[in-house]
Amino acid sequence: MVAVTVPAHQKGDILVDYEDKKFEDVKAGPGEKALVTFHTVAFEGSIGLVNMLQALRLQRKGFETSVLLYGPGVTLGLQRGFPKLGDEAFPGHQNFNNQITKFMEEGGKVYACRFALQALYGHGEGSLIPGIIPISPLDVLDIILLHRRDDAFMLHTWTV
């Protein structure tokens, strides 16, 4: 019979070398931009939250950073709460709202497609987290092209 002889992990144990960084800490040069696009549904995986954290990190590295919410991505920018807006119905319920708000407070810009907001998800501009900028569906491609023209770093978040 197999016997486990290694003691169980304890709170405070270190399981990996989290201080071993292999690459330089890249910072933005003067005028460098970044765009993070979201075509993903809120709460249907970790990608939306992870890349909101990446957008915040890009902002803190000095990039002029914008976030584009389009298609199902607009669901990340909706005000939520239960039983009232702003209430946290379960731990993590306000993750997207909190990260987007923090990102905007630190100078980031967030844009949301009006078409997806109304036609796909039945919401109006008043449903958005305050500070998010509603845009025409015709602007979705143009914001990407403008960032491409400016040689910006782009991170595209897709789920199917």
Side-chain angles (χ1 to χ4, degrees), residues 15-16 18-19 21-29 31-137 139-148 150 152-160:
L15 304 179
V16 298
Y18 56 85
E19 292 180 344
K21 188 166 177 357
K22 302 291 186 199
F23 305 101
E24 70 175 281
D25 186 17
V26 177
K27 302 289 186 193
E32 283 194 290
K33 295 181 179 181
L35 174 67
V36 182
T37 68
F38 290 85
H39 194 277
T40 186
V41 178
F43 298 104
E44 289 199 4
S46 62
I47 191 90
L49 180 59
V50 168
N51 280 348
M52 270 311 307
L53 294 171
Q54 295 287 34
L56 187 58
R57 189 157 183 242
L58 284 163
Q59 181 73 21
R60 290 175 176 171
K61 284 178 164 288
F63 290 88
E64 181 186 318
T65 308
S66 298
V67 163
L68 170 63
L69 308 174
Y70 69 113
V74 298
T75 63
L76 277 75
L78 297 175
Q79 295 184 64
R80 53 182 44 85
F82 189 84
K84 297 179 288 189
L85 286 179
D87 290 349
E88 188 171 56
F90 55 86
H93 184 217
Q94 295 292 340
N95 279 346
F96 296 111
N97 297 62
N98 293 341
Q99 291 304 317
I100 288 171
T101 300
K102 183 188 307 181
F103 174 74
M104 291 187 297
E105 286 172 351
E106 293 189 20
K109 294 185 183 94
V110 180
Y111 301 93
C113 175
R114 286 182 170 120
F115 176 83
L117 191 63
Q118 179 177 329
L120 302 182
Y121 296 100
H123 286 278
E125 294 174 16
S127 296
L128 292 171
I129 296 166
I132 293 179
I133 303 161
I135 62 171
S136 164
D139 284 329
V140 169
L141 179 60
D142 286 329
I143 190 173
I144 295 168
L145 292 173
L146 287 168
H147 278 79
R148 177 183 170 269
D150 291 343
F153 171 77
M154 290 191 271
L155 180 62
H156 301 291
T157 304
W158 279 80
T159 57
V160 287

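Note that these values count all heavy atoms, side chains included, but never hydrogens, waters or copies made by symmetry. Since the structure is predicted, the reported quantities are computational estimates derived from the model, not experimental observations.
- Of all the heavy atoms in Val74 and Ala116, the pair that sits closest is CG1-CB, 3.8 Å.
- A side-chain donor-acceptor contact under 3.5 Å links Arg80 to the backbone of Leu78.
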- request: Please step through side-chain contact (heavy atoms from CB on, under 4.5 Å) for the pair Tyr70 and Tyr111, ending with a clear verdict.
  value: CA-CA 8 Å; Tyr70 69 113; Tyr111 301 93; over 6 Å; no

- request: Evaluate the criterion side-chain contact (heavy atoms from CB on, under 4.5 Å) for residue pair Lys33 and Ser66; output intermediate values, then yes/no.
  value: CA-CA 8 Å; Lys33 295 181 179 181; Ser66 298; over 6 Å; no

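- Put simply, the side chain of Thr40 never gets that close to the backbone of Gly73: no donor and acceptor are under 3.5 Å apart.
- No donor-acceptor pair under 3.5 Å is formed between the side chain of Gln99 and the backbone N or O of Phe103.
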message: Set out, in order, the CA-CA distance, both residues' side-chain angles and the distance that settles side-chain contact (heavy atoms from CB on, under 4.5 Å) for Glu32 and Glu64, then state yes or no.
response: CA-CA 6 Å; Glu32 283 194 290; Glu64 181 186 318; over 6 Å; no

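- Side chain of Thr75 to backbone of Pro72: a donor-acceptor contact under 3.5 angstrom is found.
- Taking 4.0 Å as the cut-off between side-chain N and carboxylate O, Asp150 and Arg148 do not count as a salt-bridged pair.
- With Ser127 contributing its side chain and His123 its backbone, the two residues share no donor-acceptor pair below 3.5 Å.
- Within the model, atoms CG of Asn98 and CD of Glu105 stand 9.5 Å from one another, a figure rounded to the nearest 0.5 Å.
- Looking at Val67 and Phe38, their side chains come closer than 4.5 Å, going by heavy atoms from C-beta outward.
- Contact of the Leu56 side chain with the Lys102 side chain is registered, since non-hydrogen atoms from C-beta on lie closer than 4.5 Å.
- Residue Tyr121 qualifies as enclosed at atom OH: its count of foreign heavy atoms under 6.0 Å is above 12.
- In this structure, the side chains of Val110 and Ile133 stay at 4.5 Å or more apart for every pair of heavy atoms.
- For the pair Leu128/Pro134, a side-chain contact is recorded, criterion being any heavy-atom separation below 4.5 Å from C-beta on.
- The main-chain N or O of Lys84 is found under 3.5 Å from a side-chain atom of Asp87 such that the two form a donor-acceptor pair.
- Asp139 contributes no side-chain N or O that, together with a main-chain N or O of Ile135, makes up a donor-acceptor pair within less than 3.5 Å.
- Counting non-hydrogen atoms of other residues, nucleotides and ligands closer than 6.0 Å to OH of Tyr18 gives a total of 12 or fewer.
- Electrostatic pairing of Lys61 and Asp25 counts as a salt bridge here, judged by a charged N lying under 4.0 Å from a carboxylate O.
- In terms of modelled atom types and a separation under 3.5 Å, the side chain of Gln59 and the main chain of Glu106 share a donor-acceptor contact.
- Phe153 and Phe63 have tilted rings, their planes meeting at an angle from 30° to 60° on a 0 to 90° scale.
- No more than 12 heavy atoms of other residues, nucleotides or ligands lie within 6.0 Å of CD in Gln118, so this atom counts as exposed by the packing criterion.
- Using a 4.5 Å cut-off on side-chain heavy atoms (C-beta onward), Ile144 and Met154 make contact.
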- request: Under the side-chain contact (heavy atoms from CB on, under 4.5 Å) rule, what do Leu68 and Val140 come out as? Steps first, then yes or no, please.
  value: CA-CA 8 Å; Leu68 170 63; Val140 169; 4.0 Å; yes

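- Leu35 is listed as a side-chain neighbour of Ile143, based on a closest heavy-atom distance under 4.5 Å.
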